[in-house]
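Notes for the one structure printed next.
Keep in mind it's a predicted model, so treat the numbers as computed, not measured. Lettering of chains follows the sequences in order, A, B, ..., and the numbering in each one begins at 1.
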Amino acid sequence: MRTSWADSVANSASENAATGSSESNGLKRPTRSTYVPPHLRNRQPSSSDHPPPVHTTPSPANGRVGYGGPPTGSRWGGGSRPDFGRVGDNGSGGGRGGSGWSSRGGGREREVNPFGDDDNTEEEFSEQENTGINFEAYDDIPVETSGDNVPPAVNTFAEIDLGEALNLNIRRCKYVKPTPVQRYAIPISLAGRDLMACAQTGSGKTAAFCFPIISGIMRGQYVQRPPRGARTVYPLALILSPTRELSCQIHDEAKKFSYQTGVKVVVAYGGAPINQQLRELERGVDILVATPGRLVDLLERARVSLQMIRYLALDEADRMLDMGFEPQIRKIVEQMDMPPPGERQTLLFSATFPKEIQRLASDFLSNYIFLAVGRVGSSTDLIVQRVEFVQESDKRSHLMDLLHAQRENGVQGKQSLTLVFVETKKGADSLEHWLCLNGFPATTIHGDRSQQEREHALRLFKSGKAPILVATDVAARGLDIPHVAHVVNFDLPNDIDDYVHRIGRTGRAGKTGLATAFFNDNNLSMARPLADLMQEANQEVPHWLTRYASRASYGGGGRNRRSGGGRFGGRDFRRDGSFNRPTDHYGGANSSSGYGYSGGYGGGYGQGVTSAWD
DNA sequence: AAAAAAT
């Protein structure tokens, strides 16, 4: 089924539900659209499994339903954003949009069931799905919101009408009740508001922005494809992330959530053949998940237009707006054909949100709500952090000792994985080689490897065939890898944020995790932030580290460019009063005050909020 | 100085 849900809805005036036999399909893509897979041939369409309505379609240029398309200005039908989905209310969704749609969203025949065999794979799935979600621990989690007219949070999914098909997928995912970030972020998003959210992954962050997007697209009838090159596609939502693997992961999640909703999710990223991605796009796309480089390529080829974007989500938003990415993001968001803030809905998610990045981010937002959700209970306690003083020349043998000990302690069950972070790609290769030589099955992931190699390495690691993964920061953020028992910072990062993200690869799913860092004279600039972080997380700080920390002067200590002051994401910079100051105020000179900061706003977060955020 | 991200 090539036609996306949105396309179908846009043309729903005259509906032809006959599977795969619509004239429009026949007209546009004769071969592909009329194909009926073997298992569906001779099968009666039923309310639960026939594809979304297909239509005798007027050409895109004259088939307008609902609002009139981009050239006419406000696509929001007059600024009442919560109602945007109701344009041209033709009743096809019934009174309660979600339920009405879902019965027809029935699934495209070729849609692979991401849940596997619906009835038999529940265990496998539940384990995966609930990774990192400790529902019990969520009850007294500190939450801070700021902004105008913050919609109230919900306590159950039942309170929100996300639509039947999506609700079914939520049940399939074993999501019993919304996590805090979902409780707040979903109503905010459903109300049409822009959002800057700080929340840990594993607490349902991906779902927190996917649910409202999917739900909104399901019930929105606003879609109209403006005339353009026939091969240009017009996604309604764009989700950007900083690494290819993370985009894949988000795509996989989004596919589960959108199963049989008719909402089409496509992923596009570099390093993989573009032709296959182009074919997927041609089959229809409502939600595009992408890394920036490949997206720019697609935009320049005019294979994708952002003209119809209703939802923009940036995952790991602080990384996306960091120096390396900011120009590309600005190009995509500000210099192509994406609707401006206020005409689209923008959702930014990250665990760490430095103030200066918040300031940058506000360019992309309109009257947004800031949301900070504290860590799950005392979950940092789940990650035991250790720092050891190890000279460069001793690192390998020291690592060897750790791995041997781990092996002998039986900590290394079949599924106990060790993730080793190093600074450079060369260093990754060479350490992997050395580990293998010494009898430790290791693999490596970094940016100099082919995408095939990267994905292969990740699979080897996840499956336990290579229980040691040597990685650069490409693996630091967002990746949900079950059974990582130990994160070793073989080389410490230069930024405490990166450290926070790295160690957050373990201690998930209510399991304990261990994080060991090798510290030496090359890491002096990290002494203070690291010591402060560990102290806040109730970790035992070695005395030698405390001495280094007290010695370190911020100016000389390092180029921790955004220092502790910004690292903690739990505060809306708009409330800081100091946000008018020049940017460089937040540079290295702010380290200590930054840390003192978390105690300075009410203590709601207390300690720990700063750690293990993801 | 390094990593990531298009070909």
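- Residue A:E423 is in sugar-phosphate contact alone, with no base atom involved, counting any heavy-atom pair closer than 4.0 Å across all strands shown.
- When the P atom of B:dA4 is taken as reference, atom CZ of A:R244 falls 9 Å away, rounded to whole Å.
- Among the protein residues, A:V474 comes within range of the sugar-phosphate backbone only, with heavy atoms under 4.0 Å from sugar or phosphate atoms but none that close to a base.
- As a whole-Å value, the separation of A:N523 CG from B:dA2 P is 16 Å.
- Candidate nucleotides B:dA4, B:dA5, B:dA3 were compared by shortest atom distance to the side chain of A:H446, and B:dA4 ranks first.
- Between A:T243 and B:dA5 there is no side-chain N or O to OP1 or OP2 distance below 4.0 Å.
- Side-chain atoms of A:S247 and A:S241 form a donor-acceptor pair, as typed in the model, at a separation below 3.5 Å.
- Counting only N and O atoms by type, the side chains of A:H446 and A:D473 include no donor and acceptor under 3.5 Å apart.
- Side-chain atoms of A:H486 and A:T506 include no donor-acceptor pair closer than 3.5 Å.
- When the P atom of B:dA4 is taken as reference, atom CD1 of A:I329 falls 17 Å away, rounded to whole Å.
- For the pair A:D498 CG and B:dA4 P, the computed distance is 12 Å after rounding to whole Å.
- Residue contacts shown for A:G270 are limited to sugar-phosphate atoms, with no base heavy atom under 4.0 Å away.
- Among B:dA4, B:dA2, B:dA1, the nucleotide with an atom closest to any side-chain atom of A:N494 is B:dA1.
- Near DNA chain B, meaning a heavy atom under 4.0 Å away, the residues from residues 449-461 of chain A are A:R454.
- Look at CG on A:D495: it is 14 Å from C1' on B:dA4, rounded to the nearest Å.
- In this structure, A:E316 atom CD and B:dA4 atom P are separated by 15 Å, rounded to whole Å.
- As rounded to whole Å, 13 Å separates atom P of B:dA2 from atom CG of A:D491.
- For A:F519, the ring-ring contact (aromatic ring centres under 6.0 Å, His included) partners at least two apart in sequence or on another chain are A:W544, A:Y548.
- Counting only N and O atoms by type, the side chains of A:Q451 and A:R454 include a donor and acceptor under 3.5 Å apart.
- With no hydrogens or angles considered, no side-chain donor-acceptor pair links A:D480 and A:Q249 at under 3.5 Å.
- Taking the six-membered ring for Trp and the full ring otherwise, A:F421 and A:F490 have centroids separated by 6.0 Å or more.
- Distances shown here put every side-chain N or O of A:K426 at or beyond 4.0 Å from the OP1 or OP2 atom of B:dA2.
- Between A:E326 atom CD and B:dA3 atom C1' there is a gap of 17 Å when expressed in whole angstrom units.
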